[in-house]
Every structure is written in structure tokens, then in C-alpha cells.
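Okay, structure first, notes after.
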Amino acid sequence: MPMNVFRLNSLRGRLILLVALAITPMAAMTVLTGVREREHAIEVARENLQRVANLAAANEAQSLEGARQILRDLSSVPDVLGDQRDCSVLMSDILSKNLDYVNFGLIRLNGDVTCSAVASIGMVNLGDRAHFQRAISERRFVASNYVFGRVIGKHTINLTYPVIKKGEVVGVLFAAMDLTELDKFVLDVQLSPGAVLWTADSQGTIISRRPDPGPWFGKKLPAPLQKGLLHPPKTPILIADDDGVERMYAFARVGRHEVSDYTVMIGIPQEEIVAAAQRDQLIATIGLAATVTLALLAAWFGGDVLIVRRVQALARTANRIASGSLDTRTGMQYENEEISDLARSLDDMALALQKKEWERDAAAASLQAADKRKDEFLAMLAHELRNPLAPISSGAQVLKMAHGDNPSVARTADIISRQVEHMTRLIDDLLDVSRVTRGLVKLNRQVLDLRHVVEDAVEQTYPLFKSKRQQLNLDLPDEAQAVSGDHKRLVQVVANLLNNAAKYTPEHGQIEVRLRRDGERVRLLVEDDGIGMTRELCGRVFELFTQGERTSDRSQGGLGLGLALVRTLVLLHGGSVRAESAGPDRGSQFTIELPAAQGEVAPGLDQPAEHSLPPQHGLRCLVVDDNVDAAQTLALFLEAAGHRVFIAHRATEAIELARATAPQICFLDIGLPDIDGYQLAEHLRQLPQTGRCQLIAVTGYGRKEDQDRALAAGFDHYFVKPLDTSKLVHLLGVMAGEPA
């Protein structure tokens, strides 16, 4: 080979020298980086393992929180301490609706199980159970250690909650969860083939394991894990298991101390972690070798003018691809040489980018489909949550109407109604967040007096202030404060701020509302002397699902949605909102500013009617709902109002009753077992007996598209569960005024 090939004044020589100088430090860095990447891979594995353990613990804690909520709700039901048979029937009904559990019941203070969803032969005494004794002594929810059920004969954990009357514990409610059901709550945690997941109680007894959980229930953890359980490390550690495999283990507590004493442990074989790091290092080395080889070959032949020109052509092609012309190709004939390889790579890259573009479009379509499924899920969730609220709400109204002269019954009915309204607000907030974040909220703008908005919001939230004996001070100006906005949404904004202030302010606290005009802005300030906020919380309090720390005197819960809705709705109105606090226990201040408006203020909205029926002619009503409780409580409400009611639980039964009774009003549930309410409405419209009757949809689905579909199917009115009884009372009054 001629020596002049390597002269520095030749293109080939210069390219080779430059490539050699450039690649030498790269090669050294690649080797060093490989070593560091191995260490980094192990550190990342530790972080990921701890994250997975925390996720598994959070999933199990969520299941226990659900049990605590069920038992807490049951503790306030009068039938629990009543007749034993009625109590057992109630527990059986609760068990049928909660498939993750195998028994519900009540333990008296002497340890006797006097009420149980699962019948037992003879009297069962659980007085020796530690969790029963702890629930009494500690007066709180207790998740037991491993228990083999005496009645049901299964591996379980017992979740207990004390029933407290007049300050004394009078019994203990329990829910028995099959450990196979508890194990399901960690099925979505992805583990490698050699990984092991354990959940143990405070005594080191296994209550969950993956894989092959069955044979391990009730057994003790291996000795190395028991040592880790006594003093759980903050970061994953290496432990040699009994099967001879060295695994990296992460530990995570299941919930807070008041939830459980369980611990989740996840171990991944150390060999898997190291193998991944070694594989990455090998790939990096191979990549470096390939890069060096290609660079030297390119430098060797790059001095040729023909190569330079072809490289320039490739550069022009690359520029066109970079500018977005992904269908551009080099047009070169591929040969067995480096430039052809580069041309082929460039064409392959363009094709790959095209495929990525297609995949991105497909991913966008998939995200849209997922978003639609999420909306459908939220609608179904609201439906399932509203269904049980409907009979509770109707039952409370029936109690109030039938026993209005009994103060205890009336007070109980008011409590039930307030709690149903609270649950309904939570559901509406959940759906509102979905609609607002997707930009589906349309504002019905008009010029409003913001004073009327504040007064309507105060009327909505005043029962909460009254129940906590808080002082609400209103400082409203004498002159109108005009803004352009949607009355309903602005009332929602102010009501959410007032609810937030009431929740985080102790009993006998002070809440002040001030409204002022400031130039071209109208400023509304809500200030309380409650628990206050840290500076960090003030900065993110308007984010979704953000909440202040709960205290023992905060009985009003929430989802962390109210303030997020406040910010979004205020921004839609062209305004701004901010939160301020001097610190914990020093109160909070929320300020809303809206653009002032010119023009005539719209008249105030009519006040809703009271929840009592005026004298009216009795109507023939047909109630169709597959939920027996919902149908019966609605029927009781209508009968108490003097109407004649017929009940059907299936569409076919409803059609026969309609032919026989010719009802004037039909209350139809949408989700019926045989045909849905839309089809049933069409059938009833075709019958001579019901062709002109009033069809009212009663459903848990509250989306705008559901309402539009119902009206298109022939319904005259649309009610979302639980029913707005004031609206129903008004509607019945109008209908009853017409001749039958």
C-alpha cells in the first residue's frame, strides 16, 4: 500500500487522524461508563424494587381502608344492636354486596358472636381473640394477625371496629377477609419470574404470597426475613433465601399504624439485576466497536471527491427528512461499500421515523379510546354509587313525612339527608373534574350580582356550619357587584370554598366572607381561623387530589377535588384565585378576583320548594327498578304523598302492569336486567294505556349525553339518583293539579 495514503495533507490521512483522536477518549469513557452503569443499574433496581413494594403495600392498605369504611358505616346502623335475626339479615346483605369478604358480624363484650352473615352451629365465642380485645381497649379499627376462621373454616384476617354508644363500647363489628381475596389486591404488581412477594402480620405469619400463595397461608416467614421484619430497612438489602437464591429485598408497611401492622416484602434475585447490567455493558462495548470500525472505514474512503459528493447528497436527504419529509429516500443504489451502508441506514431511519409517526398516531387514537373508557368508567362509577344513595335519600324523606312530630326521627332523617347530599356532592365533583379537564363545560353566561351568588352558596353550606357550631360572618356591600358568569358554576365555586373552610376549621371557629370592588375587578375573600397551611401546601392546594392533613376532629371527608374545580372554573370565567396562610394553626385565606361587568344584572333564581307535598289529587304511579330497596323507598315516598303506586322489577313485568293499571306517571330505571329503560320507554309509548302518561327516567347515570339519549327515547323528565325531592315534589304538584 503506498505510503502517501497516510500523509496528513491527504483527506484520508486527516480523516483517519481526526477519527482516531476523537474515538480514543470515547473508548476510555465507554469502559468507565460501563462500570458506572453497572453500579447505576443496581441502584435503579433498588429504587424500582422499593417503589414496587410501596405500590403493593398501598394496594393492600386500600382494601383495609375499604373495610374500615364499611364497618364504620355499620356501627351507626341501629339494626346492628337490635334483634339478632334482623342484624344477621343485614350482615348477609352486606356480605352479598362485598365479595372480597367471607363473613360480617357483631361480637358482644362477653365475646359471643350474636350476629353473623354466616350461620354457625351453636354459639361462637371470640373473647380470646387479641384483635377483639384491642378493638375494645384502643377504641379504634384493628386489623388482626392471621386467623383460621372457626365458623367458615378458611384462612382469614379479621377486621374489627368498636360500636360506641354514649361514650361506651357496647360491641365490636368484624369483617372476615379470605386471604385468597387479599392476595388479589397485589396481582397488578408485575414481578420477574424469580421474584417473590410476601405479606406478613406483626408476628411474622404469612397472609399473602406470590407465587403459589395457598400452601404458605398461616406459616411463619423464613428466619432471614423475620429478622428484617423486626427492623425493616429503609432501602432494599440482600438476603439469602431458604431456596439458596440471594435476593434483594424491599420492605414496605401496609398503611399507617392505625390501619394495620402488616409488612410487604418483595425480593428479586441478585443474579437478574447483575445480568441486566452486564448485558447493557456488553451492548455498549459492541456499539463502541461498531462505531470505531465504521468511523475508520468512512475516513479511509472519505477523501474521494465522489464520496464527498455522495455524502453531501446524503446530507441533503437527511435535511429533508429532518424538515418533516419522512417519505424522502436517498435514491442511491445500495452497493457493498460504506456510503451505501450510510444511505441504507438513512433510508431505514426515514422508514423507522415513518413507522414511529404511524405508531404515534395510533397511540393518540388509543389514548382517545382510553379517555373515552375512563369517562364511561366514571359514569358507571357514579351510577353504582348513586344507586344505593337513592333508597337512603327516599327513606329519609319518608321518615320525615311519616314521623315529623317525633324529634328523634326527624333529626335522624336530617342527618341521613345531609350525608346523602355530601356523598352526592363528591360524586358530582368527580364527574365535574372529568368534564372540566376535557373542556366539556359550557358556561351559561349572564350578568350576575355576585352578592346573590354568595347568598345562594351560604344557603347550601349553612347546615355544615351549623353542625359544627361555627360563626359565619358576611361582609357584603350595599351596591350590586356585577360580573359576567354562569350562576350555577359560580355558586359551586363559592360553596366549595365555604365547605373547605368549614372542614378545616374546628368547632366554634370563625369564617368570614368579604366582597369588594377593586377597580375593574371584583374581589371575594373567604378567611378562616382553622388549621392553616404550610407554604408548600399553599402552592399546590389547587392541584387535583391535594388535601390538608386530616385531624381527629375532621369528620367531613373529601376527594381533594373541590379546590381544583374552583381554580378551573374561576379561570374559565377569566378570573384568578390564590391561597394564603400564615402557617399551621393560623388560619387560611382564599381570594377570588373576577372581571367586573357592565349591564343590567339578571334577576335572582327562584328558591327551591320545600320538601313537603301540597294537597293534590292522588296519581297512579308505576315504579320500575331492579334495585328492590330503591323501588320500595320511592314507592313509600309516593304513597306517603297520597299516590297509588305499583312496583315492577323487570321490564316485562312493567309492561303487564302498565296494561292492567294505566298509570299516569312511570318512574323507569335505565339499567334493567332484561331490556334497558330506553327500550321500555319506547314500548310504553306504543301502549294505549300509557301513550300519553308522563315518563320519568330515574338513573345513576348523570352525563349530558345520557340525559339527551333519555329525552330522545321519549322520556318527559330526567332525575339522577338520589332524587332531588324538591324538584320531584314540584313536578308531582303540577301533575296532580291536572284532572286524572
Side-chain angles (χ1 to χ4, degrees), residues 63-179 181-182 201 207 218 258-261 388 391-392 395 399 408-409 412 415-416 419 628-629 632:
S63 69
L64 299 181
E65 287 287 358
R68 179 163 67 169
Q69 183 62 45
I70 293 173
L71 294 177
R72 184 171 66 180
D73 293 343
L74 276 174
S75 68
S76 63
V77 177
D79 287 349
V80 167
L81 298 175
D83 182 76
Q84 180 176 343
R85 181 178 301 175
D86 292 342
C87 178
S88 296
V89 170
L90 173 62
M91 295 301 174
S92 297
D93 182 57
I94 297 297
L95 180 61
S96 68
K97 297 176 180 177
N98 296 272
L99 302 181
D100 294 335
Y101 304 89
V102 293
N103 197 8
F104 285 88
L106 176 71
I107 310 172
R108 294 291 184 173
L109 293 184
N110 62 1
D112 288 342
V113 179
T114 61
C115 171
S116 174
V118 178
S120 61
I121 301 176
M123 180 63 69
V124 176
N125 187 282
L126 301 180
D128 59 339
R129 298 293 198 189
H131 54 271
F132 164 69
Q133 298 169 358
R134 286 182 61 194
I136 295 176
S137 62
E138 298 178 19
R139 302 167 67 92
R140 67 176 181 87
F141 173 82
V142 174
S144 77
N145 291 328
Y146 165 82
V147 175
F148 187 80
R150 297 177 182 176
V151 176
I152 59 179
K154 293 183 177 180
H155 304 284
T156 66
I157 53 173
N158 279 356
L159 311 172
T160 55
Y161 194 90
V163 181
I164 301 175
K165 301 295 182 182
K166 297 182 179 179
E168 298 293 332
V169 177
V170 297
V172 175
L173 289 165
F174 72 89
M177 177 181 286
D178 192 338
L179 293 185
E181 298 298 329
L182 177 65
D201 60 22
I207 60 175
E258 60 267 24
V259 174
S260 78
D261 296 321
I392 298 174
L399 283 175
S408 297
V409 174
T412 301
I415 293 172
I416 295 172
Q419 295 304 317
V628 177
D629 292 339
Q632 290 180 348

Do [X] and [Y] come close enough that some side-chain heavy atom pair is under 4.5 Å?
{"X": "Thr160", "Y": "Leu71", "result": "no"}
{"X": "Met91", "Y": "Val80", "result": "yes"}
{"X": "Leu81", "Y": "Arg108", "result": "yes"}
{"X": "Leu74", "Y": "Val163", "result": "no"}

Mind checking side-chain contact (heavy atoms from CB on, under 4.5 Å) for [X] and listing every partner two or more places apart, or none if nothing turns up?
{"X": "Glu65", "result": "Arg68, Arg256, Val259"}
{"X": "Asn98", "result": "Ile70, Ile94, Tyr101, Phe104"}
{"X": "Ala176", "result": "Val102, Asn103, Ile152, Asn158"}
{"X": "Val628", "result": "Gln632, His649"}

Show the nearest heavy-atom pair for residues [X] and [Y], with the distance to one decimal.
{"X": "Val172", "Y": "Ala135", "result": "CG1-CB, 4.0 Å"}
{"X": "Ser75", "Y": "Pro162", "result": "CB-O, 4.3 Å"}
{"X": "Met123", "Y": "Val113", "result": "SD-O, 3.5 Å"}
{"X": "Ala117", "Y": "Ser92", "result": "O-OG, 3.3 Å"}
{"X": "Ser96", "Y": "Asp93", "result": "OG-O, 2.7 Å"}

Would you mind listing every salt bridge (Lys or Arg N to Asp or Glu O under 4.0 Å) that reaches into [range], with sequence neighbours excluded?
{"range": "residues 81-90", "result": "none"}
{"range": "residues 112-133", "result": "Asp128-Arg150"}
{"range": "residues 133-145", "result": "Arg134-Glu138, Arg134-Asp261, Glu138-Arg140"}

Let me confirm one number: the [atom1]-[atom2] distance from [X] to [Y], rounded to the nearest 0.5 Å.
{"X": "Ile157", "Y": "Phe174", "atom1": "CD1", "atom2": "CZ", "value": "13.5 Å"}
{"X": "Ile207", "Y": "Ser144", "atom1": "CD1", "atom2": "OG", "value": "8.5 Å"}
{"X": "Leu173", "Y": "Leu159", "atom1": "CG", "atom2": "CG", "value": "11.5 Å"}
{"X": "Leu126", "Y": "Asn110", "atom1": "CG", "atom2": "CG", "value": "10.5 Å"}

Open item on the list: Main chain of Gly105, side chain of Ser116: is a donor-acceptor contact present, judged purely on distance under 3.5 Å?
Closed with: no
Open item on the list: Under the rule for ring-ring contact (aromatic ring centres under 6.0 Å, His included), what residues qualify as partners of His155, not counting sequence neighbours?
Closed with: Tyr146, Phe148, Phe217
Task: Pairwise disulfide (SG to SG under 2.5 Å) hits with a residue in residues 74-140, at least two apart - done: Cys87-Cys115
TODO: If a pair satisfies disulfide (SG to SG under 2.5 Å) and one of its residues is in residues 119-174, list it, with sequence neighbours excluded.
DONE: none
Open item on the list: Can you list everything that forms a salt bridge (Lys or Arg N to Asp or Glu O under 4.0 Å) with Lys166? Sequence neighbours excluded, please.
Closed with: none
Open item on the list: Once side-chain hydrogen bond (donor to acceptor under 3.5 Å, both in side chains) is applied, do any residues pair with Gln84, and if so which ones, sequence neighbours excluded?
Closed with: none
Task: Lys165 atom NZ: more than 12 heavy-atom contacts under 6.0 Å - done: yes
